[in-house]
Number of protein chains: 2
Amino acid sequence: MSYDTDIYNALRHRLMTNGFEHGQKVRAEHLRIEFGCSASTIREVLFRLSTIGLVEFREQRGFRVPEQSRALIHELTHLRVLLEAEGTAMSIRRGGVAWEARLTAAHHQLSHLEMRLQSAQDTAPFIDLWFDAERQFHETLISACGSDALRDTHHQVYCRFRQQLMIEDRAFDFISENIRQHQQILDAAMAGDEALTRHKIHDHLARHLMADVEREPA
Amino acid sequence: MSYDTDIYNALRHRLMTNGFEHGQKVRAEHLRIEFGCSASTIREVLFRLSTIGLVEFREQRGFRVPEQSRALIHELTHLRVLLEAEGTAMSIRRGGVAWEARLTAAHHQLSHLEMRLQSAQDTAPFIDLWFDAERQFHETLISACGSDALRDTHHQVYCRFRQQLMIEDRAFDFISENIRQHQQILDAAMAGDEALTRHKIHDHLARHLMADVEREPA
DNA sequence: TTCCATCAAAATCTCGAAATTTAGGCGAAT
DNA sequence: ATTCGCCTAAATTTCGAGATTTTGATGGAA
């Protein structure tokens, strides 16, 4: 793994989790010192990240983290539904036992984590683990779709989605509903029911579309 | 427009049309001389292009244009159908008169060009114009979808698709069928029939999925 | 107080060169 | 004739400096 790529991955991960505030400026100069490399190297990496939308570039004004936007979360959720539903349907057709095994394994990990979350006093130490497990489950869903282009596209959308969502305090408020929905997706997929699986994926992601409605009355 | 961005757009355009051969190495050193800038600047641009898949980066071995792959064309076509059908359906719901006007205009331009193509002796001078007009028509279809994220994603997929397809000798073999299909898409969209529009978009792009079957018997 | 010009500090942007790595040719040994 | 290792040329990667631009603060005028 090259130097460039290391920094690229490190920054991408930080941008997807909680390393930066929305709208905050990304100071290439500071990162240069932190990573101990030249400004050009940082600049390269930031340009790469700007191409997929994880940072915004403005001429002569450097890079900054995109503002959080309810509208953008909607758009990215919509794309996720589109890509994940299609990718999962393709996986059901092409997948086979190996895929079913991977999916069951991913769900088991996630499920196990969510169970522990329900009874935990302090959810903080689980946050990173849960996000990883959730990502793993959703990526496994589409992993047998046979289209690298679809997986790549989904990955980009997913990164931006995760960045927009960041860590919400209410992340685990609906954990029991999450457990139920993940189980339903798994069941439908294992039963080979494409239509039902699409439907359940839509339902699962739709909560991000509902957020506005929830808040309106408050 | 910044220097960086100029070079980015120039190279992207060249990669999408016929500036490079598939699999050919992209020599940063040569481009540096051609564009009269430093190696770092070229490198930045190439990294950006690699993030969306227009060039491939291999550590210590520079950048190269992706190989042409029938499978990849299939995958990108599939994504185009997914994104364009959805985006157009949204445009039908949200778009209004302004969008209908834009779409009619784009189709008129394309249609006019295709008519001239049919009767032209030498199609070569029309190629670039036609590709631009076709892109314009398809981008206009989704232009009122209300989702920047969908438009951005479609743009990336479209760039890669165009690069994979490049200029085929047979580009205009089916020009009369193209005219008919574009007209059908326009009619369905103007009639506000989402389902029919989706269907016609699928039919129109499906010819890229059929290419294998066509060639198999030969 | 508010607005605007000026100036200094900090950040961005581009470049050319040095260090590192790959690519390809040449000749010797099997 | 083929293979292997060496050597040179060419390409890459990284860096730090200098030029340019933005940012933020200070001070004077309305």
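The shown structure was predicted, so the numbers you read here are calculated from the model rather than taken from an experiment.
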Counting side-chain heavy atoms from C-beta on, which of C:dC15, C:dC13, D:dT14 comes nearest to B:T41?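 Nucleotide nearest to B:T41's side chain: C:dC15.
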Note, A:R160 side chain near A:L72 side chain (heavy atom, < 4.5 Å):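 Yes, side chains in contact.
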What do you reckon, is NE2 of A:H108 surrounded by more than 12 foreign heavy atoms closer than 6.0 Å?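 Atom NE2 in A:H108 is not packed in, count stays at 12 or less.
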So, OP1 or OP2 of D:dA11: does either fall under 4.0 Å of a side-chain N or O from B:H30?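 Yes, within the criterion.
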So, is A:R43 near the phosphate of C:dT14, with a side-chain N or O under 4.0 Å from OP1 or OP2?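 Yes.
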Test side chain to side chain donor-acceptor pair (under 3.5 Å) applied to B:R162 and B:Y158, step by step: CA-CA 6 Å; B:R162 175 59 53 81; B:Y158 186 85; 2.3 Å; yes
[X] has an atom [atom1]; how far is it from atom [atom2] of [N], in whole Å?
X: A:F57; N: C:dA11; atom1: CZ; atom2: P; result: 17 Å
X: B:Y8; N: C:dT14; atom1: OH; atom2: C1'; result: 20 Å
X: B:Q24; N: D:dA11; atom1: CD; atom2: P; result: 13 Å
X: B:F35; N: C:dC15; atom1: CZ; atom2: P; result: 13 Å
X: B:I7; N: C:dC15; atom1: CD1; atom2: C1'; result: 12 Å
X: B:R27; N: D:dA9; atom1: CZ; atom2: P; result: 18 Å
X: B:E44; N: D:dT13; atom1: CD; atom2: P; result: 14 Å
X: A:F63; N: D:dT21; atom1: CZ; atom2: C1'; result: 15 Å

Is the backbone of [Y] close enough, under 3.5 Å, to the side chain of [X] for a donor and an acceptor to pair up by distance?
X: A:E44; Y: B:E44; value: no
X: A:E75; Y: B:A149; value: yes
X: B:T140; Y: B:L103; value: no

Mind checking side chain to side chain donor-acceptor pair (under 3.5 Å) for B:E139 and listing every partner two or more places apart, or none if nothing turns up?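 Side chain to side chain donor-acceptor pair (under 3.5 Å) check on B:E139 returns B:R135.
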B:R116 to B:F126, cation-pi by 6.0 Å centre distance and 45° axis angle: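 No.
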Dot-bracket notation for DNA chain C, counting Watson-Crick and G-U pairs under 3.5 Å, with | for partners on another strand: ||||||||||||||||||||||||||||||
Quick tally for nucleotides 16-23 of chain C: nucleotides whose base has a protein heavy atom under 4.0 Å get B, sugar-phosphate-only ones S, the rest -, giving B----SSS
Using 30° and 60° as the class limits, which term best fits the ring planes of A:H138 and A:H204: parallel, tilted or perpendicular?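 Parallel: the ring planes of A:H138 and A:H204 meet at under 30°.
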